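First up is the structure itself, then whatever we jot down about it.
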Amino acid sequence: MTTEQSPRSESELVARATALAGESVGEIAARFDRKTPRTLNKAKGWIGELIELALGATAHSKPVPDFEDLGIELKTIPLNSRLTPQESTFVSTVPMTGLVGLNWENCTVKAKLNRVLWVPVEAGKDIPVAKRRIGMPMIWSPSATDAEILRADWEEHIERIALGDIDQIDARFGTYLQVRPKAPNRRELTLTTDTSGTLVSSLPRGFYLRASFTRKILADKYSGC
DNA sequence: GGATGATCATAT
DNA sequence: ATATGATCATCC
């Protein structure tokens, strides 16, 4: 077995992801004839790509949800020994141009966060990558309250960029959604156009969900069980 | 231990 | 060049 067809429905996708729960990264990798790296140091997205492969994701490298037809975004989420998220979650590249006409309703962040399949994976450098176990998946949409907070965060960030103030943004802005570097290195530059048409050169950034927010998402879910 | 800023691999 | 997949490295 080297490929998977795309799931045709949300329930089929969730069923597939549920079937992975309890398996180790190494077991799944073996089914797809992939060699598990010794560390993730030079393969940071490797587990995410493996799970995409195992679940039949279709949108690779496109700025749309992974399961485009279903409108569902796949996110692996690294859990520490306390089984809480230990890292922020990358959502999408921050747009630097084409901001005219861009709003929360038509943006990539909203499209991706509208429906997310979280797949927990054991993390921690003390656990060999191949032995890390997959947890029970969780299909999620933001509550109305959380969606409003995400919208406000996104609008605040985009407004700063539109004003040409990208370099005044740091990771402390935003309640749930933050902006951090997303680049090969800090010498990388991309061009921004502010509202007056002035070109501003800056480090590429990405939108990330704070770990404190994903901790809340998981806590909300499991508190009801 | 948590948050911030920096970085790595791959696809198109 | 810019999108995807994220975790690493370091400071507080």
Side-chain angles (χ1 to χ4, degrees), chain A residues 25 28-29 32 34-68 72-99 102 107-109 111-113 116-129 132 134 153 157 161 166-193 199 201-216 218-219:
Chain A
V25 167
I28 296 168
F32 292 92
R34 288 170 62 114
K35 181 158 168 51
T36 306
R38 193 180 79 267
T39 84
L40 298 181
N41 202 313
K42 292 193 181 282
K44 295 178 182 177
W46 189 85
I47 294 177
E49 289 164 3
L50 177 67
I51 302 303
E52 280 191 344
L53 181 63
L55 296 179
T58 54
H60 199 74
S61 280
K62 292 189 287 184
V64 296
D66 296 292
F67 297 92
E68 192 171 1
I72 299 173
E73 173 73 8
L74 170 67
K75 288 294 177 198
T76 56
I77 185 160
L79 302 187
N80 59 26
S81 58
R82 295 182 50 207
L83 302 183
T84 63
Q86 75 165 21
E87 287 281 358
S88 57
T89 298
F90 173 72
V91 179
S92 71
T93 300
V94 172
M96 301 289 188
T97 57
L99 301 183
L102 182 64
C107 78
T108 298
V109 172
K112 289 189 171 187
L113 296 185
V116 178
L117 180 68
W118 299 103
V119 176
V121 182
E122 277 185 315
K125 291 184 170 57
D126 54 321
I127 311 176
V129 177
R132 296 182 189 181
I134 309 302
D153 285 345
H157 294 314
I161 295 163
I166 179 70
D167 286 332
Q168 292 177 33
I169 299 179
D170 70 39
R172 290 168 291 191
F173 288 102
T175 303
Y176 293 160
L177 190 70
Q178 62 180 176
V179 169
R180 302 218 310 279
K182 174 65 171 169
N185 57 64
R186 73 162 293 107
R187 305 285 168 236
E188 185 79 3
L189 292 177
T190 190
L191 288 175
T192 305
T193 312
L199 285 175
S201 192
S202 77
L203 183 65
R205 318 294 168 104
F207 285 120
Y208 296 79
L209 296 178
R210 293 181 180 282
S212 56
F213 180 52
T214 54
R215 281 182 207 118
K216 178 174 111 65
L218 297 193

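All values below come from the heavy atoms of this structure, side chains included, with hydrogens, waters and symmetry mates left out. All values derive from a computational prediction rather than experimental measurement. Each chain gets a letter, A, B and so on, in the order the sequences are listed, and its residues count up from 1.
Judged by distance alone, the side chain of N80(A) and the main-chain N or O of Q86(A) form no donor-acceptor pair under 3.5 Å. D66(A) places no side-chain N or O within 3.5 Å of a backbone atom of A57(A) that could act as its donor or acceptor partner. Looking only at distances, a side-chain donor or acceptor of K112(A) sits under 3.5 Å from a matching main-chain atom of V91(A).
The listed nucleotides are dC8(C), dT2(C), dG5(C); the one nearest the side chain of E188(A) is dT2(C). Relative to the side chain of K75(A), the nucleotides dG5(B), dA6(C), dC8(C) differ in distance, and dA6(C) lies closest.
Taking atom CH2 of residue W46(A) and atom C1' of nucleotide dT4(C), one finds them 17 Å apart after rounding to whole Å. R180(A) has its CZ atom 15 Å from the P atom of dG2(B), to the nearest Å. One can place CZ of R210(A) at 15 Å from P of dG2(B), the figure rounded to the nearest angstrom. In this structure, the CG atom of D126(A) is 11 Å from the P atom of dG1(B), given to the nearest Å. In this structure, Y176(A) places its OH atom 17 Å from C1' of dA3(B), rounding to the nearest Å. Regarding L209(A), its CG atom lies at a distance of 12 Å from the P atom of dA6(C), rounded to whole Å. Look at CZ on R172(A): it is 16 Å from P on dC11(C), rounded to the nearest Å. A straight line from CG of L50(A) to P of dT10(B) spans 15 Å, rounded to a whole angstrom.
Using a 30° and 60° split on the angle between ring planes, Y176(A) and F213(A) fall in the parallel class, below 30°.
With the nearest nucleotide of DNA chain C identified for both V64(A) and Q86(A), V64(A) has the one nearer the 5' end.
The shortest distance between side-chain heavy atoms of K75(A) and L117(A) does not fall below 4.5 Å.
Residue T89(A) is classed as having no contact, given no heavy-atom separation below 4.0 Å to the nucleic acid. Using a 4.0 Å heavy-atom distance criterion, P78(A) is classed as a sugar-phosphate-only contact. Across all strands shown, R205(A) has no heavy atoms under 4.0 Å from either base or sugar-phosphate atoms.
Between R205(A) and D167(A) a salt bridge is recorded (basic side-chain N to carboxylate O distance below 4.0 Å). Between E188(A) and R186(A), no side-chain nitrogen of the basic residue sits less than 4.0 Å from a carboxylate oxygen of the acidic one, so the salt-bridge criterion is not met.
Taking side-chain N and O atoms only, K62(A) has no distance below 4.0 Å to OP1 or OP2 of dG5(C). Distances shorter than 4.0 Å separate some side-chain N or O of T76(A) from OP1 or OP2 on dA6(C). Between S88(A) and dA6(C) there is no side-chain N or O to OP1 or OP2 distance below 4.0 Å.
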Restricting to nitrogen or oxygen on both sides, can you table the protein-nucleotides 7-9 of chain B pairs closer than 3.5 Å?
| unit_1 | atom_1 | unit_2 | atom_2 | d |
| --- | --- | --- | --- | --- |
| dT7(B) | OP2 | R186(A) | N | 2.9 |
| dT7(B) | O2 | K44(A) | NZ | 2.5 |
| dT7(B) | O4 | P181(A) | O | 3.3 |

